[in-house]
Amino acid sequence: TAAQQAHQRGWHLYLVGGAVRDLLLAPGEETLTLQDIDLVVDGFHRAADVGAGVELANQLQEIYPQVRLSVHGEFQTAALIWHKDAQLGSLMIDIATARTEFYPYPAANPQVEASSIRQDLYRRDFTINALAVRLTSPREGELLDFFGGVEDLRSQQIRVLHANSFIEDPTRIYRAVRFAVRLGFKIDPHTEDYIRYAICSGVYDRLRLENHPAPALTTRLRAELTYILEAAYWKPALQLLSNLGALRCLHSNLVLDANLWWQIRFVSRWLKCLDSENHFSHWLIRLEVLIAALKPDEREQIAANLQLPKDSIERLRDLEKIENSVQQNLKKCDKISEIFLLLRQYKVPSLIIVAARSDRLERHRIWQYLTKWSKIQTFLDGNDLKAMGYKPGPQFKQILDQLLIATLDGEIMNREESVEFVTNITEKT
Ligand code: CTP
């Protein structure tokens, strides 16, 4: 329908970007379900009007009223969201008019103007993402490959279209790594040189989060970081980012040395064991470990610039205090109850990060606390105390706390001993 509507208006319609790449990578794959489709409208003999994409989207929404339409951006693009069902999820179709981009200065937000499909493809990140399939007649179904994308898919290479690509858009460095690791491709040697050149030439200094964040770019960078740290392939991706020097965008001093690498893997292992139901965002805690490697007074600001969630910013702000308290006091504890009372003040993610950054003894005690001691319960609860004739109030909490301490330290082994213990301590007071 979209192609018919475009054709009636004298436009060409193209399927572009990741959908073409993925279709070519999985030929004949009947189960390939696309969730995100990018379409581009172009004129037959000259560039289409700037509003062509939105006009087409409006028309499609009239035909399919169940589809939600939203229009965004200065250079209007339209998104049609079709919620299929709970199982199949949603399909998002972005419709844009062919455009070309100008970067007024490196790492700026691009300025755009209408152009041909070739120019539109030329502004894209990698050859494998700069392929298009024409959906309108004549020559419908034709694959447009101006920059050698098909050959790069065949030879499994991530290659940029021009040398300035990373200078103009430093988030592409993260994308190069993401696609390389996800698809099992190699970054072409020239492209790798351009990455290193962009980083050496200080492209990240413009956006570096320790100084002055550029909001739109930071949001995109954060999205790319999230993708990478969330993915099953986060380990090789993070190592590749580090080898390329790309972690410098977070901070000029951030180096993934053997110690930090160990800490991140450690935290991930503990999270896997302790939080198998994913109550916490594991990717976020991995990112926090990276940020925690920086000086304490820089952590909170970087987390805030990266627009991390509030609890994450707070964890990084409080990390130094928690770490000092745990590291100074934990080794002095003689009893399990002392360890319990010290560690119960802190939340699980903070304790896991502190454990990764602590010595063996502390790590062992935090592990025992998280897996065993924090789960120990008293043999009596509030209802039992009521049945024993005690009235609810502040005394209740005191009794239960003392009971817990005695239980943790193995002084009470069952209900009878608990009743006796409560009778003894309350008689004394
Ligand atoms: N693109 C780009 N430069 C960027 C981001 C995106 O050139 N910094 C272009 C690429 O052509 C890309 C398309 O926009 O294919 C769509 O971007 P996106 O949806 O982020 O990526 P996909 O290629 O669709 O990849 P994925 O499968 O991960 O969604």
Side-chain angles (χ1 to χ4, degrees), residues 1-44 47-99 101 112 114-115 117 120-121 123-125 129-144 175 178 182 216 219-220 222-224 226-227 230-231 278 281 307 309:
T1 313
Q4 277 167 4
Q5 292 297 323
H7 188 72
Q8 279 171 18
R9 288 167 173 75
W11 298 328
H12 274 307
L13 185 68
Y14 299 93
L15 176 68
V16 297
V20 181
R21 177 198 66 218
D22 293 344
L23 285 169
L24 288 171
L25 279 173
E29 186 107 5
E30 281 159 25
T31 53
L32 184 72
T33 46
L34 296 169
Q35 292 175 326
D36 204 347
I37 289 180
D38 291 308
L39 300 178
V40 169
V41 183
D42 185 18
F44 264 119
D49 295 336
V50 171
V54 174
E55 187 183 326
L56 183 61
N58 272 316
Q59 185 59 41
L60 288 170
Q61 207 223 1
E62 264 179 43
I63 300 173
Y64 301 104
Q66 73 273 31
V67 167
R68 203 153 52 80
L69 168 70
S70 70
V71 175
H72 38 86
E74 196 188 326
F75 191 84
Q76 295 187 319
T77 57
L80 288 168
I81 300 145
W82 177 35
H83 185 70
K84 293 187 263 183
D85 59 42
Q87 222 183 3
L88 287 172
S90 301
L91 171 68
M92 173 128 121
I93 304 175
D94 272 304
I95 308 183
T97 311
R99 64 189 200 250
E101 292 181 344
V112 287
S115 77
I117 182 70
D120 183 285
L121 295 172
R123 78 181 163 85
R124 290 171 185 267
D125 51 4
N129 289 341
L131 294 159
V133 174
R134 200 194 319 266
L135 302 177
T136 36
S137 61
R139 303 201 307 281
E140 101 191 72
E142 185 183 24
L143 178 69
L144 276 63
R175 290 174 64 84
R178 174 154 73 85
R182 181 171 107 193
T219 308
R220 276 168 36 223
R222 188 205 125 119
E224 289 297 337
T226 310
Y227 263 137
E230 254 176 358
N278 286 301
S281 298
Q307 298 153 24

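Numbering starts at 1 and runs along the sequence shown.
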Please enumerate all residues that pass salt bridge (Lys or Arg N to Asp or Glu O under 4.0 Å) together with Arg21, with sequence neighbours excluded. none
Can you sort out the partners of Arg124 under salt bridge (Lys or Arg N to Asp or Glu O under 4.0 Å), two or more places apart, ordered by chain and number? Asp120
Nearest non-hydrogen partners of [X] and [Y], listed with the distance:
{"X": "Ala132", "Y": "Val16", "answer": "CB-CG1, 3.7 Å"}
{"X": "Gln5", "Y": "Ile63", "answer": "NE2-CD1, 3.5 Å"}
{"X": "Ile81", "Y": "Ser90", "answer": "CG2-CB, 4.4 Å"}
{"X": "His12", "Y": "Gly43", "answer": "CD2-O, 4.2 Å"}
{"X": "Val41", "Y": "Gly53", "answer": "CG2-CA, 4.0 Å"}
{"X": "Arg222", "Y": "Pro309", "answer": "NH1-CD, 4.3 Å"}

Output every pair passing salt bridge (Lys or Arg N to Asp or Glu O under 4.0 Å) with a member in residues 8-20, not counting sequence neighbours, ordered by first then second residue.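 Counting only pairs at least two positions apart or across chains, the salt bridge (Lys or Arg N to Asp or Glu O under 4.0 Å) contacts touching residues 8-20 are Arg9-Glu55.
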Rounded distance [0.5 Å steps], [atom1] in [X] versus [atom2] in [Y]:
{"X": "Met92", "Y": "Asp38", "atom1": "CE", "atom2": "CG", "value": "8.5 Å"}
{"X": "His7", "Y": "Leu135", "atom1": "NE2", "atom2": "CG", "value": "13.0 Å"}
{"X": "Ile95", "Y": "Leu80", "atom1": "CD1", "atom2": "CG", "value": "4.5 Å"}
{"X": "Gln4", "Y": "Leu13", "atom1": "CD", "atom2": "CG", "value": "11.5 Å"}

Candidate pair Leu143 and Val20, rule side chain to side chain contact (heavy atoms under 4.5 Å, CB included), full reasoning: CA-CA 9 Å; Leu143 178 69; Val20 181; 3.9 Å; yes
Name all residues meeting the side chain to side chain donor-acceptor pair (under 3.5 Å) criterion together with Tyr227; count only those two or more places apart in sequence or in a different chain, and write none if there are none.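 Partners of Tyr227 by the side chain to side chain donor-acceptor pair (under 3.5 Å) criterion come out as none, since no residue qualifies.
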Name all residues meeting the side chain to side chain donor-acceptor pair (under 3.5 Å) criterion together with Asp94; count only those two or more places apart in sequence or in a different chain, and write none if there are none. none
Are side-chain heavy atoms of [X] and [Y] found at a separation under 4.5 Å?
{"X": "Arg68", "Y": "Ser70", "answer": "no"}
{"X": "Trp11", "Y": "Thr136", "answer": "no"}
{"X": "Val67", "Y": "Ile93", "answer": "no"}

Taking side chain to side chain contact (heavy atoms under 4.5 Å, CB included) as the definition, give me every residue that meets it alongside Glu142, ordered by chain and number, with sequence neighbours left out.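 Glu142: side chain to side chain contact (heavy atoms under 4.5 Å, CB included) contacts with Arg134, Arg139, Leu144.
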Could you give me the CA-CA distance, side-chain angles and deciding distance for Leu39 and Leu15, then say whether side chain to side chain contact (heavy atoms under 4.5 Å, CB included) is met? CA-CA 5 Å; Leu39 300 178; Leu15 176 68; 4.0 Å; yes
If you apply the rule side chain to side chain contact (heavy atoms under 4.5 Å, CB included), what do you find for Thr1 with Tyr64, and how did you get there? CA-CA 10 Å; Thr1 313; Tyr64 301 104; 2.8 Å; yes
